Amino acid sequence: MFLLVLTACSSEKNGGSQQNDGKITIVTTIAQIAEPISVIGGDKVKVESLMGPGVDPHLYNATQGDIGKLDRADLILYSGLHLEGNMTKIFEQIGKSKSVLAISESLPKDQLLHDDKGAIDPHVWFDLDLWEAALNAAVEEMKAYAPEHAEEFEASKQRYFTELHNLQIEIQEKLSSIDPDQRVIVTAHDAFGYFGRAYDMKVVGLQGLSTEDEISVTDIDRTIDILMEHQVPAVFVETSINSKSVEAVIQGASSKGLDVKLGGELFSDAMGDQGTEEGTYIGMYRHNANTIYEALSRKGD
């Protein structure tokens with residue numbers, strides 16, 4: 001149905017026509033793109049994310065309202081790598097008439113993680129270096145669309161990237177102090193692989209890369225065995241994922257004599273509420289790192 005709607009929409013190359021007081025209208029799928037781009041674009045852009053707090057992009061289906069927003073946009077930015085799998089055909093169709101970019105698909109293939117079945121891990125925003133490169137591709141698209149603002153976008157991007165570099169140093173120093181044997185992040189689904197690689201931490205997700213994957217008793221038992229082996233003090237829930245599987249792991253570990261605490265809530269596929277610190281990319285990332293540090297270094301005891 002949506003493809004039929006799209007073909008009936010305006011086919012002008014720049015359909016948004018900068019209708020927002022001369023601002024470039026940018027529509028993104030996830031807030032991990034929208035918020036940094038709004039900072040970098042400043043008062044030259046109007047940025048809107050289709051997926052808000054608590055929304056799972058793996059399962060998301062576009063609404064009729066989303067189609068209208070996409071049609072009115074000057075630029076459309078999505079993550080790609082099959083993160084927004086249900087929207088792929090929509091992007092292919094609307095990309096025939098306006099600028100649509102999958103920013104993660106600009107990344108070097110040898111830097112991407114895969115699961116044991118060969119599927120690409122799409123959660124690249126948890127590697128600050130990779131996400132910087134992806135955001136750079138988005139900014140280049142903005143500069144190509146509005147070359148009169150290219151210098152301003154570039155300067156703003158460099159300031160933002162400096163903040164990312166400082167954040168990386170801060171987190172590296174903090175997480176490296178956790179006992180090496182307890183540097184294990186256990187969550188509901190396998191969204192933190194890039195984070196684990198960046199900070200030398202083992203990551204265990206009960207589900208696979210997508211929340212469409214099923215969780216089996218074997219998955220839960222395997223996770224409990226890892227907790228017992230490393231005497232991991234805490235596991236984590238995610239804001240966009242049901243917590244029942246993690247609770248089952250806690251109960252299973254307890255039955256074997258290991259007191260595992262709920263270490264807190266992590267933001268994985270979605271960020272926090274707009275207007276909060278966790279509603280910013282940097283704030284979300286810092287929250288996750290601090291929550292992991294507090295729980296695994298037993299600072300919360």
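Numbering of residues begins at 1 and proceeds along the displayed sequence. All heavy atoms count here, side chains included; hydrogens, waters and symmetry mates do not. Not measured: the values here are computed from a predicted model.
When atom types are taken as modelled, the side chain of Q111 and the backbone of L130 share no donor-acceptor pair closer than 3.5 angstrom. Judged by distance alone, the side chain of T63 and the main-chain N or O of D66 form a donor-acceptor pair under 3.5 Å.
For the pair K174 and Y293, the distance from NZ or CZ to the six-membered ring centre is under 6.0 Å and the angle to the ring normal is within 45 degrees.
D115 places none of its side-chain heavy atoms less than 4.5 Å from the side chain of D121. Counting only heavy atoms from C-beta outward, the side chains of L101 and L75 never approach each other to under 4.5 Å. Residues H149 and V45 form no side-chain contact, since every pair of their non-hydrogen atoms from C-beta on lies 4.5 Å or further apart. Taking the side chain as every heavy atom from C-beta outward, H82 and I120 never approach each other to under 4.5 Å.
Two rings, from Y285 and F195, have their centers less than 6.0 Å apart. Residues F192 and H123 keep their aromatic ring centres 6.0 Å or farther apart.
Take E265 and apply the salt bridge (charged side-chain N to carboxylate O under 4.0 Å, His left out) test, not counting sequence neighbours, and it matches no residue. Partners of D179 according to the side-chain contact (heavy atoms from CB on, under 4.5 Å) rule, which considers only residues two or more places apart in sequence or in another chain, are D181, Q182. Considering only residues two or more places apart in sequence or on other chains, K69 meets the side chain to side chain donor-acceptor pair (under 3.5 Å) condition with E48. Taking V100 as the reference, I76, Y78, F91, I94, K98 meet the side-chain contact (heavy atoms from CB on, under 4.5 Å) condition, with sequence neighbours excluded.
Donor-acceptor pairing under 3.5 Å is lacking for the side chains of N86 and Y60. Between the side chains of T29 and E84, at least one donor N or O lies within less than 3.5 Å of an accepting N or O.
Within 6.0 Å of CD in Q274 there are 12 or fewer heavy atoms belonging to other residues, nucleotides or ligands.
Using bins of under 30°, 30° to 60° and over 60° for the plane-to-plane angle, the ring pair Y281/W131 lands in the tilted bin.
Residue pairs meeting the ring pair (Phe, Tyr, Trp, His ring centres under 6.0 Å) criterion with at least one member in residues 25-53: none, sequence neighbours excluded.
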Contacts table for residues 246-257: side-chain donor-acceptor under 3.5 angstrom, sequence neighbours left out:
unit_1 : atom_1 : unit_2 : atom_2 : d
E247   : OE2    : S243   : OG     : 3.0
S255   : OG     : G252   : O      : 2.6

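Residue H58 comes nearest to P122 through the heavy atom pair CE1-CG, 4.2 Å, listed as atom of the first residue, atom of the second, then distance. Taking each heavy atom of D273 and T276 in turn, the nearest pair found is O-OG1, 2.6 Å. In terms of heavy-atom proximity, Q168 sits nearest to Y199 at CG-OH, 4.1 Å.
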Please walk me through it: do V204 and R222 pass side chain to side chain contact (heavy atoms under 4.5 Å, CB included)? CA-CA 10 Å; V204 180; R222 171 183 57 86; 3.9 Å; yes
Using the rule given for salt bridge (charged side-chain N to carboxylate O under 4.0 Å, His left out), can you reason through E151 versus K143, listing the C-alpha separation, both sets of side-chain angles and the distance that settles it, and then say yes or no?
CA-CA 8 Å; E151 290 187 8; K143 288 158 67 175; over 6 Å; no
### Task
Run the numbers on R197 and D127 for salt bridge (charged side-chain N to carboxylate O under 4.0 Å, His left out), then give the verdict.
CA-CA 8 Å; R197 182 178 69 178; D127 182 316; 3.5 Å; yes
